Every structure is written in C-alpha cells, then in structure tokens.
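The structure appears below as structure tokens.
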Amino acid sequence: MHPWPKTAAEAEEIQRRLRPRVSFTGPDRFGTVAGLDVHYRGDDELSAAVVVLDARSLQVVDQALVHGEAAFPYVPGLFAFREIPALVQALERLSKAPELLVCDGHGLAHPRRFGLACHLGVLTGLPSVGVGKTPFVGEFDDPAPARGSWSPIVLDGEVVGRVLRTQPTVRPVFVSPGHRISLETACEQVLRCAPRYRLPEPIRLADHLARYGTVS
DNA sequence: GCGACAG
DNA sequence: ATCTTGTCGC
C-alpha cells in the first residue's frame with residue numbers, strides 16, 4: 001500500500017483522486033464470493049479475515065487471516081484507511097483471487113462516493129459490494145417486512161444504495177456498489193448470500209474467523 | 001455555529 | 001469496534 005496518508009486532508013485527497021476509477025459495470029455471475037471483516041483487540045491491534053465461498057453452494061473453499069495494526073485512526077468517512085492494508089494482505093494470501101468481494105462497510109453510500117468497498121475494489125481491480133449494518137449517509141424509507149424488500153438510499157438527489165431486507169421482519173442492511181458492479185447486481189448477490197441470517201454468509205464467516213481464529 | 005458520523 | 005446479563009421468541 002504505497003504512500004499511505006498521514007493526515008485526514010491527505011486521505012481525502014486520495015479518495016477524490018481514486019473516485020473516478022470506480023466502474024459500475026461488470027460481471028453479473030460469480031463463481032466465488034469472498035467476505036472480509038476486521039476484528040479489533042485494543043486501540044491498534046487487529047485481525048483481518050477473508051473467507052471465500054463457492055457462490056452456488058455457499059461452502060467455504062479458501063480463507064486467510066492476518067494480524068496487524070490499524071493503519072489510520074478512525075474517522076467517519078476515512079474508515080477504509082484503517083483496515084485496507086491488512087485486508088489486502090489477507091487477500092494476497094489466498095490461493096487464488098475471488099470473483100466478488102463482499103465488504104463490511106459502505107461503498108458508494110459515502111460522503112465522497114468512495115467508501116471502503118469502492119476503495120478495496122479499485123485497489124484490487126475486483127468486483128466489490130459494500131454491506132453496512134447501520135446507515136451512514138442519505139435518506140431512505142423503511143422497506144416492507146418481506147425478505148427481499150428494499151427502498152433506495154438517496155444522497156443529494158442521487159440513488160447511492162438500497163436498504164435491503166435480507167430476512168423477514170429483521171432489521172435491514174445497507175447495500176451499495178463498490179466497484180465493477182451495478183446496484184441491482186449488488187443487491188441480488190447480497191440476497192443470495194443471506195439465505196438464513198441477516199448478514200450475508202461471507203461476512204458472517206469472516207467475522208467469525210477474525211474473532212475466533214476459525215470458521216465454524 | 002451545532003450536531004451527526006461506516007467499523 | 002468494544003465494554004456487557006438476562007430475556008423474549010421461533
């Protein structure tokens with residue numbers, strides 16, 4: 001991870017410079033799907049995990065876990081600079097690159113339209129989608145109670161994501177495109193990855209791996 | 001100016 | 001993110 005920012009101003013400048021590289025078109029079928037998550041143990045110590053699943057069976061086919069330190073303080077809007085170095089290292093330890101990255105954090109639904117999912121996608125060149133557990137930016141209505149229901153997240157008059165209900169009557173998740181994917185395909189993939197629980201399986205397993213050191 | 005603010 | 005018990009419901 002080349003020149004890493006030292007100040008918030010530098011970090012924002014990097015976001016504005018990389019933002020134009022984001023693409024919203026790409027594959028709409030994926031053979032493998034990777035979930036990424038980071039677990040903190042203290043102020044700076046962290047564990048970054050990546051779990052790769054067969055997109056069809058949702059069975060684990062690969063995984064990687066790295067321990068390191070946060071690369072930047074936590075600042076809303078600059079969250080990616082904290083976890084990206086460790087997450088990229090974890091991705092490099094996989095036997096082969098996954099076809100889609102499911103990130104724990106927003107993508108386009110970001111103040112400068114360049115959240116963690118976009119950043120990770122652009123740096124790796126891989127399709128990516130952002131899945132947030134809580135809202136960050138934009139306005140939205142509560143989606144209907146049925147699984148698959150959704151409502152748009154609007155920021156400055158632009159649709160930047162969707163509030164998606166992955167399970168009946170369960171609190172929805174916030175989906176936004178990362179890189180090389182459309183909002184429609186992003187939601188389709190997140191829903192397919194969450195057949196049983198609120199959070200998509202790739203993220204649940206990555207969280208478990210980062211937290212306990214093992215999947216399952 | 002003040003408050004809110006992904007993980 | 002993390003600090004934290006019991007409790008309600010399928």
Side-chain angles (χ1 to χ4, degrees), chain A residues 4-5 8-9 11-12 14-15 18-19 22 34-51 65-90 101-123 128-140 145-147 153-156 160-179 183 186-187 190 195-200 202-213:
Chain A
W4 211 242
E12 287 183 23
I14 290 175
Q15 293 183 325
L18 297 181
R19 166 70 181 80
V22 171
L36 302 85
D37 189 36
V38 168
H39 177 67
Y40 291 87
R41 11 185 123 254
D43 299 312
D44 278 359
E45 304 171 62
L46 57 74
S47 296
V50 180
V51 176
L65 176 62
V66 307
H67 303 290
E69 296 184 355
F72 203 81
Y74 173 67
V75 178
L78 300 179
F79 172 58
F81 293 94
R82 234 176 129 58
E83 309 188 335
I84 279 186
L87 287 173
V88 169
Q89 276 186 39
L101 305 180
V102 181
C103 310
D104 184 36
H106 298 86
L108 227 205
H110 174 278
R112 287 170 292 284
R113 312 294 197 282
F114 198 70
L116 172 69
C118 299
H119 205 143
L120 214 39
V122 167
L123 292 189
S128 63
V129 48
V131 179
K133 295 184 285 294
T134 61
F136 183 29
V137 297
E139 305 179 324
F140 53 87
R147 174 171 189 274
I153 296 175
V154 180
L155 178 61
D156 298 324
V160 295
R162 286 181 186 172
V163 187
L164 176 66
R165 188 90 65 186
T166 55
Q167 291 301 319
T169 76
V170 171
R171 182 157 53 105
V173 295
F174 300 75
V175 180
S176 59
H179 182 49
L183 174 55
C187 289
V190 168
R196 175 82 164 72
Y197 301 102
R198 180 199 179 215
L199 295 179
I203 288 183
R204 292 186 66 244
L205 295 175
D207 175 83
H208 196 291
L209 176 58
R211 191 182 297 270
Y212 308 114

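Each chain gets a letter, A, B and so on, in the order its sequence line appears, and its residues count up from 1. Just the heavy atoms: all of them, side chains too, but no hydrogens, waters or symmetry mates, feed the values below. None of these values were measured; they are calculated from a predicted model.
Contacts of A:His39 with the nucleic acid, taken as non-hydrogen atoms under 4.0 Å apart, involve only primed sugar atoms and P, OP1 or OP2. No contact: A:Leu46 has no heavy atom under 4.0 Å from any strand. If you check every strand for non-hydrogen atoms under 4.0 Å, A:Pro111 touches nothing. Across all strands, A:Leu78 comes closer than 4.0 Å to base atoms (heavy-atom distances). Within the 4.0 angstrom heavy-atom criterion, no nucleotide atom of any strand lies near A:Gly42.
Residues A:Asp104 and A:Val38 are not in side-chain contact: their nearest non-hydrogen atoms beyond the backbone lie 4.5 Å or more apart. Between A:Glu83 and A:Tyr74, every side-chain heavy-atom pair lies at or beyond the 4.5 Å cut-off. Residues A:Arg112 and A:Arg19 are not in side-chain contact: their nearest non-hydrogen atoms beyond the backbone lie 4.5 Å or more apart. Annotation: side chain of A:Arg165 is not in contact with side chain of A:Arg147 (no heavy-atom distance under 4.5 Å). The shortest side-chain heavy-atom distance between A:Leu120 and A:Ile84 falls under the 4.5 Å cut-off.
C:dT2 atom C1' lies 12 Å from atom OH of A:Tyr40, rounded to whole Å.
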Check nucleotides 7-10 of chain C for protein N or O atoms closer than 3.5 Å to its own N or O atoms and list the pairs.
none

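The aromatic rings of A:Phe140 and A:Phe174 lie perpendicular to each other, with more than 60° between the two planes, well past the 30° mark. Ring geometry, A:His119 versus A:Trp4: the interplanar angle falls from 30° to 60°, so the pair is classed tilted.
Of the side-chain N and O atoms in A:Arg41, none sit less than 4.0 angstrom from OP1 or OP2 of C:dC3.
On the nucleic acid side, DNA chain B has its first and last nucleotide under 4.0 Å of a heavy atom of chain A at B:dC5 to B:dG7, going 5' to 3'.
A:Arg82 places a side-chain N or O within 3.5 Å of a backbone atom of A:Phe72 that can act as its donor or acceptor partner.
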